[in-house]
Amino acid sequence: MKTSVALVAAFAGSAAAFAPSATPSRQSTSLNLSVGETAPDFSLVDQNDKTFTRSKNKKPLVVYFYPADSTPGCTVQAKAFQEEIQDIRKQFKADVVGISGQGAESKQKFATELGLDFSILADEGDAVRKEFGVPKAAFGFLPGRVTYVLDKGGVCTSVYDNLTDAASHIEAAKDALSEMQPAKKAGFSLNLPF
C-alpha cells in the first residue's frame with residue numbers, strides 16, 4: 001500500500017512537467033543564452049542547400065529550436081510561423097530560422113510538405129543547439145523547444161521556452177520584435193473647423 005501511494009505521489013508530481021505553465025517564461029534559465037548576450041555564430045545548411053550564417057544576417061532574427069521535423073507540435077509551430085512570415089518581414093524587417101537536429105533531406109521534405117518560405121536549418125549532431133545551451137525537455141528525453149529573438153547585431157533580446165504550446169512561440173516572437181522597434185513619433189495635427 002505504501003508503495004502504491006508513493007508511486008501515485010511521484011507520478012502526480014512529475015505529470016506537472018508536461019502541463020503548460022500558467023505564465024510562459026520569457027527570461028532565460030542558467031542553461032540558455034541569456035538576454036543581453038551575443039548569440040553564438042553558426043553556419044548551417046537549409047532545406048534548399050543554402051548556407052545560413054548568423055553573423056552575415058544584418059537584421060533582427062527569430063531563431064527557434066524545435067524537437068524534430070514532421071512531428072505534430074513542430075508542424076503546428078512551422079505552419080504558424082509560415083502564416084506570419086510576411087508580416088514579420090514587412091512590419092519588423094526581421095527574418096526567421098528554425099533549427100533541429102535532422103539532416104538537410106529531412107528539412108527539404110518538411111519544408112515542401114508545409115510550403116515554408118523561411119529557412120529551416122539542419123543541425124546534425126546538435127552542435128548549435130548545444131552552443132545556445134537549449135535545455136532538454138521532458139526529463140531530458142526530448143530536445144527543447146525554445147525561441148530566441150536577436151537584434152540586428154546578434155544580441156539576444158528575448159528567450160521563450162514552452163515545449164507544449166508550439167503556436168505560442170510566434171506571438172512571443174512578434175511581441176519581442178515589437179518591443180525592439182523605436183517608438184513612433186507623435187505627429188502634430190491641427191483640426192480646424194473650416
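None of these values were measured; they are calculated from a predicted model.
- Applying the side-chain hydrogen bond (donor to acceptor under 3.5 Å, both in side chains) criterion to Ser55, with sequence neighbours excluded, gives Asp41.
- Salt bridge status for Lys109 with Glu113: present, with a side-chain N to carboxylate O gap under 4.0 Å.
- Remark: Asp165 CG to Leu163 CG distance equals 10.0 Å, nearest 0.5 Å.
- Criterion: ILVMFWY side-chain heavy atoms under 4.5 Å apart, direct or through other members. Under it, Tyr160 and Ile85 are not part of a common hydrophobic cluster.
- Atom CG of residue Asp117 and atom CD of residue Gln47 lie 9.0 Å apart, to the nearest 0.5 angstrom.
- Between Lys174 and Asp87 the shortest side-chain heavy-atom distance falls below 4.5 Å.
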Exercise for the section: Take Ile120 and Phe52 through the side-chain contact (heavy atoms from CB on, under 4.5 Å) test and state the conclusion after the steps. Expected result: CA-CA 10 Å; Ile120 51 173; Phe52 177 90; over 6 Å; no
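- In this structure, the side-chain hydrogen bond (donor to acceptor under 3.5 Å, both in side chains) partners of Ser43, at least two apart in sequence or on a different chain, are Thr53.
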Practice task
With side-chain contact (heavy atoms from CB on, under 4.5 Å) as the test, would you mind laying out the steps for Val62 and Thr147 before giving the verdict?
Solution key: CA-CA 7 Å; Val62 176; Thr147 297; 3.6 Å; yes
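- Note: the hydrophobic cluster containing Leu116 does not contain Val45 (ILVMFWY, side chain heavy atoms under 4.5 Å, direct or indirect links).
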Per-pair distances, 0.1 Å, donor-acceptor, side chain in residues 127-134, under 3.5 Å, sequence neighbours excluded:
from, atom 1, to, atom 2, distance (Å)
Arg129, NH1, Gly144, O, 2.9
Arg129, NH2, Tyr66, O, 2.8

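- Considering OG of Ser70 and CD of Gln102, their distance stands at 8.5 Å, rounded to 0.5 Å.
- Two residues are said to be in side-chain contact when any heavy atoms from C-beta on lie closer than 4.5 Å; Thr38 and Arg54 meet this criterion.
- Residues Glu179 and Val149 fail the side-chain proximity criterion, which asks for heavy atoms closer than 4.5 Å.
- Side chains of Pro135 and Asp161 form a contact here, defined as non-hydrogen atoms less than 4.5 Å apart.
- Counting heavy atoms from C-beta outward, Val97 and Phe81 have side chains that stay 4.5 Å or more apart.
- Between atom CD1 of residue Ile88 and atom CD1 of residue Ile170 there is a gap of 7.5 Å, rounded to the nearest 0.5 Å.
- For Phe110 against Ala78, the heavy-atom pair with the smallest separation is CZ-CB, 3.9 Å.
- For residues 144-155, the set of pairs meeting the salt bridge (charged side-chain N to carboxylate O under 4.0 Å, His left out) definition, not counting sequence neighbours, is empty.
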Problem - Phe42 and Ile99: CA distance, side-chain angles, deciding distance, side-chain contact (heavy atoms from CB on, under 4.5 Å) verdict - result: CA-CA 11 Å; Phe42 62 86; Ile99 301 175; 4.0 Å; yes
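- Evaluation of the salt bridge (charged side-chain N to carboxylate O under 4.0 Å, His left out) test over residues 59-70, restricted to residues two or more places apart or in two chains, returns Asp69-Lys107.
- Around CD of Gln108, the count of heavy atoms belonging to other residues, nucleotides or ligands within 6.0 Å does not exceed 12.
- Atom CG of residue Leu114 and atom CD of residue Glu83 lie 10.5 Å apart, to the nearest 0.5 angstrom.
- Taking 4.5 Å as the limit, some side-chain heavy atom of Pro67 sits within range of a side-chain heavy atom of Cys74.
- In this structure, Tyr148 and Phe65 have side chains that are in contact, with non-hydrogen atoms separated by less than 4.5 Å.
- Sequence neighbours left out, the pairs with a member in residues 91-101 that pass salt bridge (charged side-chain N to carboxylate O under 4.0 Å, His left out) are Arg89-Asp95.
- There is a path of hydrophobic side-chain contacts, each under 4.5 Å, that joins Leu150 to Val146.
- Residues Val76 and Ala167 approach most closely at CG1-CB, 4.0 Å, considering heavy atoms.
- Between Asp46 and Phe118 there is no side-chain heavy-atom pair separated by less than 4.5 Å.
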